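What you see is a predicted model; the values in this text were computed from it and never measured. Just so we're on the same page: letters track the sequence lines, and every chain starts at 1.
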There are 2 protein chains.
Amino acid sequence: MNSVQYAVPMPRETLTREQIVQAAVTLLDEAGIDGLSMRKLGQRLGSAATAMYWHVGSKENLVSLACDRVWSEVGAHDPAELGWREAARRHARDTYETLRGHTWVIAATGAYFVYGHGMARVQDASYAIYEAAGFTGWDLDWAVNAASTFAGGAALSDASLDPVKQRGDTAAMREALAEAGEIAASYPRLRARLEQQAGVDEAVFVEEKFDFGLEIILDGLEARLRAR
Amino acid sequence: MNSVQYAVPMPRETLTREQIVQAAVTLLDEAGIDGLSMRKLGQRLGSAATAMYWHVGSKENLVSLACDRVWSEVGAHDPAELGWREAARRHARDTYETLRGHTWVIAATGAYFVYGHGMARVQDASYAIYEAAGFTGWDLDWAVNAASTFAGGAALSDASLDPVKQRGDTAAMREALAEAGEIAASYPRLRARLEQQAGVDEAVFVEEKFDFGLEIILDGLEARLRAR
DNA sequence: ACCTGAACACCGTTCAAGT
DNA sequence: ACCTGAACACCGTTCAAGT
C-alpha cells in the first residue's frame, strides 16, 4: 500500500549545472547584471532558489560560469590558414561581437572573479596568432595585450550604454540621457561632433569605429615586426 | 520657557552633497562596488541611510556622481605646449592611472548610467589633442576612440583582478585563484608565458605593457596622418 | 543524491513625521 | 530645509529536514 513512497521522479528530470548556467545566461542577456537573482532564476527553472546552491555553490561562481560560457562562443581563427593579420583581425572582431551580445560580462568581470576554460582558450588562440606573426618573449605578451585590451575596451564602451537600454522607457532614464546631452553640448568640440554624428546609423558607426582602431593597432604591430 | 524648541543646529553641520560623494568614493576605494550600501555610508557620515536620498536622489545617481568625481582627477595636457604626441601619451597614461586608482569605476560603468562634467571634460581634452595632431571629421572621432578605448580596456584588465584583491585572504578566493592557475597551465602557450612571467615585478610589468600598446597606437595614428 | 522551506542578516527606497 | 524611523519588497546564503 505504501509501495510508492513518494512521487516518481520520471517526468521531473533532475536539475543540471549546464541547465542552470544556460538559464542564467538567458536571464542576464534579458535583464542585465542587476536582473539576475537566485530567486528569479529558481522561478524560471521551476525549483526553489536554494536548489541552485547544490549545483553551483554560490552566485559568484554561477556568474563566473556564465561568463565563461560566453567566452566559449568565440571562434577559432587559424593563422596558418588565414595569415596572421587576417586571423588577428577576425579574432579581435569575433571577441568584440561576442562581448557585445552579452554586455553584462563587462560588469560581471569588474564585480566577480571570472576565469575558466573558455577564456583561457581565447587567450591561447591569441598567443598562437601573434606567435605566428613572429613575436616572441615579452613582445609577444605586449602584442597580445594591445589587441585584446582594445577589444575589451570597445566592449566596455558598449556596456556603458547598457543600463540605458535596459530601462530606457522610464522617465528618470530619459531625463538622465537628456542631461548627459546637455552636458556634452556645453563643450564646444563635443557639441560639434554630436551635430555631425546626428542621424547616422549607429550600427555602422560602431563597426567602423572598431575597425579603424583595430587596423591602427595591426599597422603599429606590423611596423614593429619590420623594425627588427 | 520653550524658547529653545529643539537642539540648536550649531555644531552639527548639515550634510552636503559634496560630503556624501566624497565619502562614497572613499568607501568604494576601500570596499569595491559591492562594498557600497546606503546604510554603511550613512553610518560613516553619522546619519540615517535615508538622509542621503534628499541630497543625491538614488544610489544610481550617487555612484554616477562618484564616478564623475574620479574623472575630474584626470589632468589637462596641452598639445600646443607639449606637441600632440606627448600630450596624447600623457593624457592616456593619466586616464589609465586615475582609473587604476578607482577600479570600481569600471564595474559601475557597466551597471549604472554614468556621465558628467568630469568625463565630458576628459573627452573634450582628448578631441583637442587629436585635432591639434591634424585629424578632422570622422577620423578625429576614430583617433580619439582608439586611444581612449585602449586606456579603458587596460583599466578593465586591472579591474578584473579587483574582486581577488578585495577578499584575497579567504579560503574560497585562494582556491579560485589556484584553479585559475591550473586552467591556464593546461594550455601550452599560456603555461610557457606564465613560467616566463613568474617572479617579475608586477608594477613594472603592467606599466610596460600599457606603454607598448599606447606607442603602437600612436605609431599607427601617425602613419595615418602621413598617408594623407 | 538532490531538493524544499524557514530563517538570518542584509539590501534600496518611500513616506509620514519630526525639528 | 533637512533628517529620522518604520515599513516594504526585495536580496544571498545556511541548514535542518524531507524524498
*asked:* Over all strands shown, is B:Leu41 touching base, sugar-phosphate only, or nothing at heavy-atom distances under 4.0 angstrom?
replied: nothing

*Measure up the B:Trp142 and A:Phe212 rings against each other and bin them: parallel (under 30°), tilted (30 to 60°), perpendicular (over 60°).*
tilted

*Any idea which heavy atoms bring B:Lys59 and B:Leu36 closest together, and the distance?*
NZ-O, 3.2 Å

_Length of the NZ-C1' vector between B:Lys40 and D:dC11, whole Å_ = 14 Å

*Which nucleotide in D:dC3, C:dA7, C:dG12 has an atom nearest any side-chain atom of B:Ala51*: D:dC3

*Nearest whole angstrom, please: distance from the P of C:dG5 to the CZ of A:Arg39.*
13 Å

*Whole Å only: how far is the CD atom of B:Gln43 from the C1' atom of C:dC10?*
13 Å

*Spell out yes or no: do the side chain of B:Thr50 and the base of D:dG5 have one donor N/O and one acceptor N/O closer than 3.5 Å?*
yes

*Would you mind reading off the distance between B:Asn61 atom CG and C:dT13 atom P, rounded to a whole angstrom?*
10 Å

*Taking atom CD of B:Gln22 as the centre, report whether more than 12 heavy atoms of other residues, nucleotides or ligands fall under 6.0 Å from it.*
yes

_Which label fits A:His91 and A:His77: parallel for a plane angle under 30°, tilted from 30 to 60°, or perpendicular past 60°?_
perpendicular

_Aromatic contact, B:Tyr96 with B:Phe150 (centres under 6.0 Å)_ = no

*Distance in angstrom units between B:Ile33 CD1 and C:dC11 P, rounded*: 14 Å

*Establish, with yes or no, whether the OP1 or OP2 oxygen of C:dC11 is under 4.0 angstrom from a side-chain nitrogen or oxygen of B:Ser37.*
yes

*asked:* Run A:Trp71 and A:His117 through side chain to side chain contact (heavy atoms under 4.5 Å, CB included) and show every step you take.
replied: CA-CA 9 Å; A:Trp71 281 107; A:His117 275 95; over 6 Å; no

*Rounded to the Å, how far apart are B:Asp34 CG and C:dG12 P?*
10 Å

*Given Watson-Crick or G-U pairs with both distances under 3.5 Å, what dot-bracket string fits DNA chain C, with | for other-strand pairs and [ ] for crossing?*
||.|||||...|||||.||

_Between P on D:dG12 and CG on A:Leu62, what's the gap in Å once rounded to a whole number?_
10 Å

*asked:* Is it the case that atom CD in B:Glu30 sees more than 12 heavy atoms from other parts of the structure closer than 6.0 Å?
replied: yes

*Please say whether more than 12 non-hydrogen atoms of neighbouring residues, nucleotides or ligands are located less than 6.0 Å from CD in B:Gln43.*
no

*Enumerate the residues from residues 52-60 of chain B whose closest heavy atom to DNA chain C is under 4.0 Å, giving them by residue number; use none for an empty result.*
B:Tyr53, B:Ser58, B:Lys59

*Test side chain to side chain contact (heavy atoms under 4.5 Å, CB included) applied to B:Phe210 and B:Leu214, step by step*: CA-CA 6 Å; B:Phe210 183 81; B:Leu214 182 56; 3.9 Å; yes

_Between C1' of D:dT4 and CG of B:Leu15, the distance in whole Å_ = 13 Å

